[in-house]
Enquirer: 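Before anything else, here's the structure in question.
Counting convention: from 1, in listed order, for ligands and their atoms alike. This is a predicted model, so every value here is computed, not measured.
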Amino acid sequence: MNTRAVASQVIFDVMEHKKSLTNVLNIHAQKVAPSDLGLLKEISYGLIRTFSFYNDVADKLISKKPKGKSKIIFYVILVGLYQLNETRIPNHAAISETVNAAKSLKFASLKNFVNAILRRFSREKEQILSSMQTKYYNHPAWLTEAIKKDYINWEEIIDNNNNKPPFWIRINTGKIEVDSYLDLLDTKKIQYLRHPSIKTAILIQNAVKVSELPLFNDGFCSVQDAAAQLAANLLNLKSNDRVLDCCAAPGGKSAHILESVSNINLTCVDNDSKRIIKIKENFSRIGVDANIICADVANLDNDELINSKFNKILADVPCSAIGVIRRHPDIKWLRKKEDIPNLVHTQMKILNNVWSLLEDNGLLIYSTCSILKDENEDQVSKFVAKNKNAKLIQTIQILPGEEQMDGFFYAVIKKEPIK
Ligand SMILES: C[S@@+](CC[C@H](N)C(=O)[O-])C[C@H]1O[C@@H](n2cnc3c(N)ncnc32)[C@H](O)[C@@H]1O
């Protein structure tokens with residue numbers, strides 16, 4: 001199928017049907033030639049990152065927006081505008097392929113309409129762009145306000161959210177020394193940077209496929225942002241620790257825990273059975289194992305869990321994911337303001353429940369990939385104020401783009417024995 005038509009469908013599904021970009025791309029990717037997959041992704045991610053801007057450009061060019069069944073044609077036009085302004089595709093090719101997209105979507109009668117708009121943009125581009133407002137945040141107003149409320153440098157955070165994310169991997173030190181793996185990258189002429197303090201975190205600078213990373217299929221490395229690699233480090237793991245990862249799927253941090261130190265007794269819990277399959281797939285590639293339980297830790301009624309005690313707990317709770325917008329730009333448009341209080345409520349229920357499973361002198365790591373204080377600092381302050389045996393050891397808020405990492409929050413809380 002025409003790649004521009006598929007890109008229009010992808011963006012239509014995200015913006016109109018509020019579907020996840022990753023899921024929609026997985027479904028639609030099969031419709032394009034493998035050689036066009038890169039272009040499909042570039043247009044889809046790019047347009048979702050810059051949606052407000054191209055929506056306004058289109059408004060300047062279209063007097064009557066296509067409605068009803070033909071609404072998809074508005075998205076075809078956005079795809080055309082994006083190519084004309086952001087890619088090196090020659091204008092004539094961008095226009096003719098986009099016009100063909102209208103035909104391929106069975107709107108041949110609107111071909112001339114699409115053609116006229118795109119040709120006008122290519123002719124009057126400078127004039128049209130100079131008439132646009134000077135700054136586009138490309139975030140919904142409520143989210144800009146929420147970030148503004150919490151941070152003085154909110155504009156920098158928003159700009160970073162709109163950047164493309166870097167490619168981080170985690171070296172599996174259970175299988176290979178970091179330096180030996182870096183030698184393998186050198187041999188393959190893959191360029192990299194080391195994180196200044198997280199020794200397993202390596203930033204890959206070439207555009208390589210995951211399968212081209214040395215010994216990836218044998219579990220010698222995994223794709224994981226450097227910020228996410230702090231979780232296992234903060235747990236201060238020792239052999240024979242009994243660790244609970246209570247929101248574990250797809251198992252990235254769990255796998256890191258098992259790779260870090262041998263003889264860890266790990267229990268992984270998640271309430272989503274489909275995502276539990278992902279934990280098992282990840283573990284099988286890496287060659288690690290744990291006790292995996294499908295259970296709801298917000299309403300703890302699993303007997304095995306209720307009767308267990310752990311000396312380390314990782315609560316990587318469900319969150320707004322506002323810290324990982326550069327990786328998942330659709331979050332900006334799918335997340336709603338009213339989701340935040342609901343998430344905060346669930347996070348607190350999870351914290352309270354797993355606290356009862358932690359031994360005295362045990363360590364709880366609370367983490368989110370959010371930057372909103374309601375989900376992070378304020379949440380932890382409330383928890384510590386209510387639980388006299390909770391001692392807050394440390395909090396870390398990483399902002400998106402800081403040392404090229406995703407936005408992440410960690411709180412390290414110790415359970416003091418009650419005297
Ligand atoms: C941020 S993700 C965890 C990512 C994971 N720690 C990793 O590093 O790969 C949060 C997870 O919590 C799970 N979850 C959400 N609500 C839950 C609940 N009430 N009980 C257990 N798991 C829950 C979700 O299914 C999701 O997999």
Side-chain angles (χ1 to χ4, degrees), residues 20 22-23 168-170 172 198 200-201 219 222-235 237 243-260 266-286 288 290-302 304-306 308 310 312-325 327-328 331 335 339-340 342-357 364-372 375-376 379 398 405-411:
S20 127
T22 315
N23 292 348
W168 285 98
I169 61 166
R170 180 187 77 238
N172 179 352
I198 306 167
T200 51
S222 298
V223 176
Q224 188 178 48
D225 191 86
Q229 298 184 40
L230 261 182
N233 294 0
L234 290 171
L235 279 167
L237 295 161
V243 184
L244 170 65
D245 183 351
C246 72
C247 295
K253 297 185 190 71
S254 281
H256 191 196
I257 289 169
L258 294 166
E259 292 168 9
S260 301
L266 176 68
T267 298
C268 299
V269 176
D270 205 280
N271 68 345
D272 184 332
S273 54
K274 285 198 188 123
R275 285 172 65 85
I276 283 209
I277 297 170
K278 296 272 173 215
I279 305 184
K280 293 181 177 162
E281 285 170 2
N282 271 329
F283 281 9
S284 125
R285 180 182 62 85
I286 294 167
V288 290
N291 177 25
I292 301 174
I293 302 173
C294 189
D296 175 1
V297 285
N299 301 293
L300 202 56
D301 60 2
N302 179 287
E304 184 183 345
L305 272 181
I306 293 171
S308 303
F310 303 90
K312 309 262 167 86
I313 295 180
L314 172 62
D316 188 30
V317 294
C319 71
S320 63
I322 303 298
V324 293
I325 282 177
R327 253 174 233 294
H328 304 285
I331 288 171
R335 187 67 67 221
D339 293 342
I340 309 298
N342 294 336
L343 284 162
V344 168
H345 181 69
T346 305
Q347 291 159 356
M348 188 57 97
K349 277 169 83 178
I350 293 178
L351 257 178
N352 285 328
N353 283 339
V354 299
W355 189 244
S356 67
L357 307 180
L364 171 84
I365 311 292
Y366 171 83
S367 64
T368 73
C369 55
S370 175
I371 55 166
L372 300 182
E375 297 178 86
N376 298 344
Q379 179 79 294
I398 302 162
M405 292 188 279
D406 283 344
F408 248 87
F409 174 79
Y410 289 102

Enquirer: Below 3.5 Å, N or O to N or O, backbone or side chain included: is there any such pair between V317 and ligand 1?
Expert: no
Enquirer: Counting only nitrogen or oxygen atoms and a 3.5 angstrom limit, does Q224 reach ligand 1?
Expert: no
Enquirer: Can you see which heavy atom on I340 is nearest to which on S320, and at what distance?
Expert: CD1-CB, 3.6 Å
Enquirer: Quick one: closest heavy-atom pair of I313 and V354, and the distance?
Expert: CD1-O, 3.2 Å
Enquirer: Do any nitrogen or oxygen atoms of A249 lie less than 3.5 angstrom from nitrogen or oxygen atoms of ligand 1?
Expert: yes
Enquirer: Checking side-chain polar atoms at under 3.5 Å, does Q347 have a donor or acceptor matched by the opposite partner on T368?
Expert: no
Enquirer: Taking only heavy atoms of A298, which atoms of ligand 1 are found under 4.0 Å from at least one of them?
Expert: 19 (N)
Enquirer: Indicate the atoms forming the closest heavy-atom contact of L266 with A290, along with that distance.
Expert: O-CB, 3.3 Å
Enquirer: Just by distance, with hydrogens left out, do N342 and D339 show a side-chain donor and acceptor under 3.5 Å apart?
Expert: no
Enquirer: Look at atom 25 (O) of ligand 1 and say which protein heavy atom is nearest, naming residue and atom and giving the distance to 0.1 Å.
Expert: D270 OD1, 2.6 Å
Enquirer: N/O of V297 under 3.5 Å from N/O of ligand 1, yes or no?
Expert: yes
Enquirer: Looking only at protein heavy atoms, which one is nearest to atom 15 (C) of ligand 1, and what is the separation?
Expert: P318 CG, 3.5 Å
Enquirer: Give, for atom CZ of F408 and atom CG of D316, the distance between the pair rounded to the nearest 0.5 Å.
Expert: 5.5 Å
Enquirer: For A228, state whether at least one heavy atom is located under 4.0 Å from any atom of ligand 1.
Expert: no
Enquirer: Could you tell me whether ligand 1 has any atom less than 4.0 Å away from a heavy atom of S367?
Expert: no
Enquirer: Where is the nearest protein heavy atom to atom 1 (C) of ligand 1: which residue, which atom, and how far?
Expert: D316 O, 3.6 Å
Enquirer: Testing the basics here: between V243 and F310, what is the closest heavy-atom pair and its distance to 0.1 Å?
Expert: C-CD2, 3.7 Å
Enquirer: So, regarding N271 and ligand 1 (criterion: nitrogen or oxygen to nitrogen or oxygen, under 3.5 Å), is there a contact or not?
Expert: yes
Enquirer: Do the side chain of Y410 and the main chain of A227 share a donor and acceptor less than 3.5 angstrom apart?
Expert: yes
Enquirer: Please could you name the atoms of ligand 1 that A248 approaches to less than 4.0 Å, counting only its heavy atoms?
Expert: 5 (C), 6 (N), 7 (C), 9 (O)
Enquirer: Geometry only, no angles: is D296 polar-contacting ligand 1 at N/O separations under 3.5 Å?
Expert: yes
Enquirer: What I want to know is whether G252 and ligand 1 share at least one N or O pair that is separated by under 3.5 angstrom.
Expert: yes
Enquirer: Test L314 against K253 for side chain to side chain contact (heavy atoms under 4.5 Å, CB included), laying out the working first.
Expert: CA-CA 9 Å; L314 172 62; K253 297 185 190 71; 3.8 Å; yes
Enquirer: What pair of heavy atoms forms the shortest contact from I293 to I276, and how long is it?
Expert: O-CD1, 3.5 Å
Enquirer: Less than 3.5 Å between some nitrogen or oxygen of D245 and one of ligand 1, yes or no?
Expert: no
Enquirer: Under a 4.0 angstrom heavy-atom cut-off, which atoms of ligand 1 come close to D272?
Expert: 25 (O)
Enquirer: Report yes or no: does a heavy atom of C246 sit under 4.0 Å from some atom of ligand 1?
Expert: yes
Enquirer: Using every non-hydrogen atom in the two residues, find where L351 and L364 come nearest and quote the distance to one decimal.
Expert: CD2-CD2, 3.4 Å
Enquirer: Using a strict 4.0 Å cut-off to heavy atoms of G251, name the atoms of ligand 1 that fall inside it.
Expert: 9 (O)
Enquirer: Show the atoms of ligand 1 that are less than 4.0 angstrom away from any heavy atom in A295.
Expert: 20 (N), 21 (C)
Enquirer: If you measure from each non-hydrogen atom of R275 to ligand 1, which part falls under 4.0 Å: side chain, backbone, both or neither?
Expert: side chain
Enquirer: Whether R327 and D406 form a salt bridge (side-chain N of Lys/Arg under 4.0 Å from carboxylate O of Asp/Glu) is what I want to check.
Expert: yes
Enquirer: For atom 12 (O) of ligand 1, which protein heavy atom lies nearest, and how many Å away is it?
Expert: C247 CB, 3.2 Å
Enquirer: Under 4.0 Å between a Lys/Arg side-chain N and an Asp/Glu carboxylate O for R170 and D225?
Expert: no
